Protein chains: 2
Amino acid sequence: MSAARSASTARPYHHGDLRRALIDAALSLVTEEQDWTFSLREVARRAGVSHNAPYSHFSEKQDLLIAVAATGFERLRDRMKAAIGRTKAADEALLACAKAYLQFGAENPALYRLMFGPALAASKGGRPAEAREAGATAKVVLAEIILRGARSGLFAVSPDDAKDEAKIVFSAWAAVHGMTMLSLDEFTGAELTIDDLLEGLERTVLKGLIPR
Amino acid sequence: MSAARSASTARPYHHGDLRRALIDAALSLVTEEQDWTFSLREVARRAGVSHNAPYSHFSEKQDLLIAVAATGFERLRDRMKAAIGRTKAADEALLACAKAYLQFGAENPALYRLMFGPALAASKGGRPAEAREAGATAKVVLAEIILRGARSGLFAVSPDDAKDEAKIVFSAWAAVHGMTMLSLDEFTGAELTIDDLLEGLERTVLKGLIPR
DNA sequence: ACCTGAACACCGTTCAAGT
DNA sequence: ACCTGAACACCGTTCAAGT
C-alpha cells in the first residue's frame, strides 16, 4: 500500500485526480494483462488507495466499467478516423475503416469484449443510457462514410430518408462488429486472416451497398 | 434446503441425475429470470443440493456455463431448422433463417449473451475447444443453406473452394450475429423492428450473395 | 470533499469426512 | 461414486470515522 505511489512527491491522503488514476489502472489491467474480469479492489490496489476509495468517484463498479468502455470507443474512433484520413473515395474509406476496426479488435480483445460485454449489458433490465451513448461514438464514423458515399452517388442509399439511413448504417456496423467479435472467439472455423475477413465483407456488405 | 425436492419420492442423498438438474436449474435462471450472471451456489440452491455438490459433475463453473451455452446453441439450431423447413428456394431459406435467428436473440437475450459471452471467452488465453464446438452448431445451418444456394446456381459462390466457402459463410453469420447482439444492447440508434433489420440484411449481405 | 478501517453478505473452490 | 460441512481467500458495497 505504499510502494505504489512512491514516485516522487508522495501525496499522503488526497490523490489529486483519483478518478483518472482509477480509469487508467483499469485500462492497464484490460490492455496489458488482457483481463477484463478485474475486480474493483484490484483497481484500487493498482492506484495505491484503499479498496473503497473508488466509491468517492464511482457510485458502483459498473460506472467505472462504463468509463473504461467509453475510452475504448474513443480509441476505436480515432483508429478509424486515422484510417479514412488517408483515403479518397467513399468505398475505399469504408473498406479502410472496416480494416482498422477489425485490427483494433484483434489487438485489444479484452478491451473490445469489455466495450460490448458485461459493462453495457446489465444482468437484468435495460442498459444505462451512458453506456449506449459511448457505443454510438464508433458508429458515427461509419455513418459519416456511408452518407458521403450516398451523397456522392457511389452508394445505393437514399439520404433523404432517416430511417432508411439508420437501417443501412446499422447493417454495416453489425457486419463489422459481428466479424470482429466472432473472430476474437475463434469462431471463424478456418484459418482466416483479417484480409480474408475483409474480402468476405467486400463481397457481401460492400457489394450490396455499391451498385456496380 | 428441503422444500426443493419435496415433489414425490424424496431422494435423500443421491440425486439420480444431478448433472441434468443443474443444467436445467441454470437454464431456468437464464431464461426465466433473464439473468446470465448467476452464481454456482444459486444453481445448487435451485437444485436442492449443497453448494459444492456441482463439483461432482463439473470441474469448475465454466464447465456448467459451457453446457448451458451448448443447450442454447441447440435450441437456436432447432429454431432455424424449423424456419427453413417451410421454405423452398435457398434465398428464401436464408432470409427465413436470419429472421428466426434474430427472433431467438430477441426472445432470449440473457441466453444469447451467455452463448457468446463470458462462458466462451475466458478471462485470459484461448477459449476452450468444447465451447467453440458448441458454437459451430449454429453456423452449420447457415453453411448448409449457402452451399445449397451455391449448388443450385442461385448464389454467387464457388463451392469447390473450401476456404472461399468459409469466408462467405462466416460473413453471413457475422452479419446476423452482429445485428442480433447490437440490437440486444439497444445500439440500433433508432426504432428498428426485426423486419427493419431483415431488410437491412437483405439489401447488404443477401444482395452481395445473390447476383441479380 | 475525499479517503480509511471494520464489517456484512456474498462468491468460487478445496478438503476431509460422511453415505 | 456421489454428496455434505467447514474453511479459505476472495468479492462488491456500506457505514461510521478520520483528514
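The sequence lines fix the lettering, A, B, ..., with proteins before strands; numbering per chain opens at 1. Note that the structure is a prediction, hence the values are computed from the model and not measured.
Taking atom CG on A/Leu22 and atom P on D/dG12, their separation rounds to 13 Å, with Å as the unit. To the nearest angstrom, C1' of D/dC10 lies 15 Å from CG of A/Asp35. Between A/Leu18 atom CG and C/dT4 atom C1' there is a gap of 13 Å when expressed in whole angstrom units. Atom pair B/Asp63:CG and C/dG12:P shows a separation of 14 Å (rounding to whole Å applied). Following rounding to the nearest Å, A/Phe38 (CZ) and D/dC10 (P) show an atom-to-atom distance of 18 Å. Taking atom CG on B/Leu29 and atom P on C/dC11, their separation rounds to 11 Å, with Å as the unit. For the pair B/Leu64 CG and C/dC11 C1', the computed distance is 15 Å after rounding to whole Å. Atom CZ in B/Arg20 sits roughly 16 Å away from atom P in D/dC2 (whole-Å rounding).
In terms of heavy atoms, A/Phe155 sits closest to A/Ile146 at CD1-O, 3.6 Å.
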Show me the donor-acceptor pairs, under 3.5 Å and distance only, between side chains in residues 66-81 of chain A and residues at least two apart or in other chains.
residue : atom : partner  : partner atom : Å
A/Thr71 : OG1  : A/Ala67  : O            : 3.1
A/Arg79 : NH1  : A/Glu107 : OE1          : 3.1
A/Arg79 : NH2  : A/Glu107 : OE1          : 3.3

Which donor-acceptor pairs under 3.5 Å do side chains of residues 164-171 of chain B form with protein atoms, sequence neighbours excluded?
residue  : atom : partner  : partner atom : Å
B/Asp164 : OD1  : A/Arg203 : NH1          : 2.6
B/Asp164 : OD1  : A/Arg203 : NH2          : 3.3
B/Asp164 : OD2  : A/Arg203 : NH2          : 3.2
B/Asp164 : OD2  : B/Ser158 : OG           : 3.3
B/Lys167 : NZ   : A/Glu199 : OE1          : 2.6
B/Ser171 : OG   : A/Gly200 : O            : 3.4
B/Ser171 : OG   : B/Lys167 : O            : 2.9

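In this structure A/Thr193 satisfies the side-chain hydrogen bond (donor to acceptor under 3.5 Å, both in side chains) test together with A/Asp196, sequence neighbours excluded. With sequence neighbours left out, the salt bridge (Lys or Arg N to Asp or Glu O under 4.0 Å) criterion links A/Asp24 to A/Arg20. Residues passing the salt bridge (Lys or Arg N to Asp or Glu O under 4.0 Å) test with A/Lys61, sequence neighbours excluded: none. For B/Asn52, the side-chain hydrogen bond (donor to acceptor under 3.5 Å, both in side chains) criterion is met by B/Ser50, not counting sequence neighbours.
Neither OP1 nor OP2 of D/dC10 sits under 4.0 Å from any side-chain N or O of A/Arg45. Look at A/Ser39 and you'll find a side-chain N or O under 4.0 angstrom from OP1 or OP2 of D/dC11.
The stretch residues 51-61 of chain B touches DNA chain C through B/His51, B/Asn52, B/Tyr55, B/Glu60, B/Lys61, each having a heavy atom within less than 4.0 Å of the strand.
The aromatic rings of A/His177 and A/Phe116 lie tilted to each other, with the angle between the two planes from 30° to 60°.
Pairs of Watson-Crick or G-U wobble type, with distances under 3.5 Å, assemble into runs of 3 or more in DNA chain C at these ranges: C:4-8 with D:12-16, C:12-16 with D:4-8.
Residue pairs meeting the salt bridge (charged side-chain N to carboxylate O under 4.0 Å, His left out) criterion with at least one member in residues 169-184 of chain A: none, sequence neighbours excluded.
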